[in-house]
Each structure stands twice: as structure tokens, then as C-alpha cells.
Amino acid sequence: MSALQTDVGDIERLSEKDRERLALTGLEVGMQNRCGSFFQIDQNVIQTTCGAEGIEMIPIKAALEKYDWVKDYYWNAVPRDKDKYTQYLAKQENPQGLVVIAHEGVKVEMPLQACLFLRDEPVQHVHNLFIAREGSEINIISGCASSWQKERGAHIGVTEIYVGKGARVTSTMIHNWSPGISVFPRSATVIEEDGTFLSNYVCMQPVKKIDMYPTARLVGKNAVARFSSIVVATPGSILDLGSRAILDAEKTSAELITRAITTGGTVISRGHILGEKDGTRGHIECKGLILKDGVIHAIPEIEGTLTGTELSHEAAVGKIARNEIEYLMARGLSEEEATATIIRGFLDVKISGLPAVLQEQIDAAIDQAESGF
Amino acid sequence: MLDISDLHVEVGGTEKLHDINLHIGEGETHILMGPNGSGKSTLLKAIMGFGGYTITSGSIVFRGTDITRMPIHERAHLGIGMMFQHPPAISGLKLGKLLAATSHHGNEALEALAQTVNMEKFLTRDTNVGFSGGEIKRSEVLQLKVQQPDFLMLDEPESGVDLENMSLMGKEIANLLEKDVHIVNRRRSGLIITHTGYILDYLEADQGHVMINGQIRCHGNPREILRVVKEKGYGECLRCKQM
Ligand SMILES: Nc1ncnc2c1ncn2[C@@H]1O[C@H](COP(=O)(O)OP(=O)(O)OP(=O)(O)O)[C@@H](O)[C@H]1O
Ligand SMILES: [Mg+2]
């Protein structure tokens, strides 16, 4: 085990309430079921440890010093001048964040965890690089949360993901913010030949605003990308979410799946697939459930530029059908139980290829939120 | 078991059922026939208590309890169960999850029950989504096997079911109705809507009724009613004195 920096004491000093909040995003303080861990509170990296052979987890500054080639990946998929948030980050003299390197052919099913916790400072910024080299396979679970005492703040994060030839990256992000926090993730993925990128995003708790539009560029033949999002907008929350796939090589394919619920907040679910090479396929699916008056605005865009691409989308927004509730009531469930059971099914997007521990994490986040429906 | 008196039911602002009177004793199975659109399913839904089926007058009493205004799930708890003619498809909700949510059975027990009606492969599928006609019926029977109601309402259990599965369904339904128990000790009753009467090949029914234009016109021996309808159509029942 290469413990570059570990101060579990800091984690243990977190209040019980904060530890619970972190647990819901997937943080395993004891590291059961995790083969590596990175933990950043505000701008302080308090833990970087990795026990998996062939996998490195290094704070970004150290990584840039250790390997000359890391700089080729730094501000490559995401341009520095993309918007004011990336510009803000690019200006930082002291960048923080995590670099994960999966060396050639290394396959590890047990997830690595990256935890970002906003506690005392007004703004947390982070720049991550996930580099999966040829033939490697990794699962990363990123949990982002704010302290229960934290009333206002912002989180700005750039994540650049590179999926090498035949590599496979599963990135699961679970958010657990507070009603006064604004969040601006800026992430982009480049996928090479035969590479697979699975992105899962879960946000079931109140937040002021989340604004993100991760992009995957599929640059190698047969590359695959799938984005799945499960979100709930509570009153006062604005979730402006989207994902984009650019099918820039032959026989690449992408799927963007969203399940959105509003209990009074706003969800804008964008999606864009651009098919510009032969044999490409893409599908966008957005289903929205309005439980209490709020907004679900689905904006799926499919754009093809040649005959060899096949793109489709499907969107539906509405309330739970009365006859579905009554059907379950006829089997003995109360109205509330029937409603919860149907919502549960609605959110049950089984994501193929997801390790059981990650699926359990997603299920736990749903269970936690369900009590509020 | 079930006593319906002077029942009037409105759907979408118009009266669909007029002055229904029906008595089903403990252990009895009754057959309900009638032309399409005559109001048979409407009667079952009114007994189950669905919204949109407004009882404007009359009463439904089940085992001595007036259930006329009772919520659906409380009727289910009292022992009323129903096989739907057109159950809703619930996207995302796996049949296995539905069964688990509505019962105290563990997964293994549910799987074993599913096997008895050849539905074990459907437990991981979204409930009724893309199910064929026969599969829907088997899924309904499975749900009822889990629920074990004392009063069973079946809306056209034969329609869309192939011959082989019909014999399976017929036996399962007979079991649900405790047909193997002597009438004196039998506690379960049924009300079965049928157009063809095929279900009578698998179980004995005690009485038959014919509904026409929202009224029950004839009562009698189920096989006799079936024979008359087959030979002379429902016109003959129109001449029945309303009871
Ligand atoms: N929710 C509804 N809204 C409007 N009309 C309805 C509704 N439910 C039933 N009806 C109408 O009430 C009448 C009786 O319908 P019902 O389903 O009870 O007929 P049925 O006797 O079961 O017919 P079938 O043999 O075709 O199943 C029909 O004309 C039907 O269109
Ligand atoms: Mg009917």
C-alpha cells in the first residue's frame, strides 16, 4: 500500500452528521470495498491512498511533477477558456484534485473513491484527471457533499477522463449538497478505439444549483459511451443537466438516459448526440415524473450529418398514472405505499456492467431520498 | 359474502350501472355474462372501489361490513381481489418487486409461486410491459396467488389464453376458489366474467347472471344461461323479467 498522504484522523474528527452525509455519497471511511481513496476537504487533500497494483492515485500537483506526460492530459479534453469557471480554475496557483492512472492492462473491479467535501471555505475547486491506459479497467466513485452546517458556497470541478484503447472506465458520481450550494462541474471524456465509458450520476438531495454538461468525444472505432442520470429536484433546486456525445469515429455508439423527478424544483435535462461517422448509433431517453408542481424541461437534440448514422430520442414527462396507483392498491398497498413503489420502479435504471457495490450505493441514495416523497 | 343492493354507478358523468342487486353466498362462484360494453367490468371496478366509478346510490356489503365508501386497499385487506381485464403496464417496476411489495413472501417463495404458472422468467421484467395476452392473465393469476383473496373477481380469465395454459389457469383458479374443499367448509367465493364459458370446464359455478345495458336481466343456472346465449343470443335475455 502506497500511502502518499493519509490522515484518517481528520476524517474521524468530522461530525457524526457530516460522516453520514458523506457515507451517502459512497465514502467508505474504513475503506471496505474500496481499493483506493482520495479525500479533499475544501482545498486540503487529507487522504490519498491506493492499494491496487498498477493503479496510482496522486494529488494533481504531485502527478504533474512525477510524470512528464501527465501535462499532455492537463487541460486537454476541457479547454482552459471554456467559460468563467474553467478560467477561474486555470488561474489557481495551487491546483488541487486527484489524478488516477490505471496502467496498461490493469483491471480492478473494486472501486476507487474520491471524496470532495465542502466545509469551511466559500469555494472549493478541484481538477481531476482519470487516465485509463490501453486495456485497463477501473471504477471510480466520486462523492461530493457539503457539511450540514454549510449554508452557502460553491464547488467548481474540472474532470478530464481519458479512456484508452480497449479500456473501460465506470465513473459514478453521487451528490449530496445543501440548499445554498451551487455546483459547476466541467467534465469531458475522450474515448479511444474499443474503449467504453460509463457515467452514472445521482443527485437526490436539495441543492441551490447544479450546472453541468459533460461531453464525451468518441474518437476511436467501436468506442461506447453511456450516461445515466437519476435526479430529484426539491423546491428551490435548479438542476441544469445535460450530457453530450460526439460520435467522431466509425461504429461508435452512445446512450444518454435520464430519470428526473421534481417535487417542486426545476430540472432541465439536455442531451445532444452528434453522429458524424459511418455506422454510428445514438439514443437519448429522458423520463420525467412531476410529483408536485415544478418544472421538468427535456431538451433532447440529435444531430446527424451523414446517411450512416442512426439517432433517436424518446422523452416523456408527466405524473404517476392514477390507474397504476389503484392497481397496486387493489393488491393491498396504501396509496402512499403504491406511489413509493411506482417511483422506486421509475428510478430503477439498472445500469449494466455496474459493480454491485456501486449499484448498492445508488440504491442507498434512492432509499434515503424516498422517505421524502 | 357479498351483498349488493340497489347499486347505481356513474362513470364520466353518465350512469352506467342501474339498480344492481346481487347476492353471492360464502363458497359460491357466480358467472357474469353480457354483451360488450354492457357494464360487467364496471361492476367489478365499482366493487373494488376504483376512483372514477362513482356510486351514486345503493350499497355494497362484504361479510357484513359496508364497503361502499371504503378505500381500495382496505377492501383488499378485507379479502377482495381482482383479475384485471386490462391491467396497466408499469414501466420500471419489475413484476418481482411488485410481488415483494405486496406480500410477506421472500424471494425464494415468490420464485416458486411464479414457477407454478410459468412466470419465473417474468419476475425481472417491467410489470405488464410488452406482456402478451396470455402472459398478462398468468401474471394476474400469480398476483392473486400471492394475495390469496377470499372473494375473487375475475374479468375474462380465458381471453387470449392458449389451450395448454387454459388448463393450467383453470386449475389454478379452481384452487384459489377452494374448489377442492366441500361447499360446506369452503370459505371462498368468486364472480367470474366470461364470454365463452370455457372456465366452466375447470370449475363448477353455482349461479349465472346476464348484464345488458347496465342492468342484470337474468339469473339462473350458469350452463343453462350459456346454452341460451349460444343458441339465441342476448336478445332472449332482454325478454327476461328484470329482477
Ligand atoms: N373510464 C371510463 N370512461 C368512459 N367510459 C367508460 C369508462 N369505463 C367504462 N366506460 C364505458 O362504460 C360501458 C361499460 O364498460 P365495461 O368495461 O363495463 O363493459 P364490459 O361489459 O366489461 O364490456 P366487454 O365485454 O367489452 O369487456 C362502455 O360503454 C364503456 O365504454
Ligand atoms: Mg370488460
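By convention in this document, chain letters (A, B, ...) are assigned in the order of the sequence lines, proteins followed by strands, and residues within each chain are numbered from 1. Since the model is a prediction, treat every value here as computed from it, not as a measurement.
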- Whatever's closer than 4.5 Å to a heavy atom in chain A on D126(B) counts as neither
- Item | Neighbourhood of chain A inside residues 42-69 of chain B, taking heavy atoms under 4.5 Å as contact | M48(B), F50(B), G51(B)
- In L93(B), N128(B), I90(B), the residue satisfying side-chain contact (heavy atoms from CB on, under 4.5 Å) with E324(A) is I90(B)
- Message: Taking every non-hydrogen pair under 4.5 Å, which of R75(B), Q143(B), E74(B), H77(B) racks up the most with chain A?
- Response: Q143(B)
- Take atom NZ of K179(B) as the centre, draw a 6.0 Å sphere, and report whether it contains more than 12 heavy atoms from other residues, nucleotides or ligands. yes
- CG/D180(B): more than 12 non-hydrogen atoms of other groups inside 6.0 Å: yes
- How long is the gap from CG on D348(A) to OG on S91(B), to the nearest 0.5 Å? 10.0 Å
- Select one option (side chain, backbone, both, neither) describing which atoms of T127(B) are under 4.5 Å from chain A's heavy atoms. side chain
- Task: Report, as yes or no, whether the 6.0 Å neighbourhood of atom CG on N107(B) holds more than 12 heavy atoms from other residues, nucleotides or ligands.
- Result: no
- Query: More than 12 non-hydrogen atoms from neighbouring residues, nucleotides or ligands closer than 6.0 Å to OH on Y213(A), yes or no?
  - Reply: yes
- Measure across A101(B) and L333(A) and return the closest heavy-atom pair with its distance rounded to 0.1 Å. O-CD2, 3.2 Å
- Leading residue by heavy atom contact count with chain A [cutoff under 4.5 Å; candidates A76(B), S103(B), P149(B)]: A76(B)
- Task: State whether the number of non-hydrogen atoms from other residues, nucleotides or ligands found under 6.0 Å of E310(A) atom CD is greater than 12.
- Result: no
- Flag if over 12 foreign heavy atoms under 6.0 Å of CZ, R281(A): no
- Give a yes or no answer on whether the side chain of R331(A) reaches the backbone of M82(B) with a donor-acceptor pair at less than 3.5 Å. yes
- Atom pair CD/OH of E140(B) and Y327(A) - distance to nearest 0.5 Å: 3.5 Å
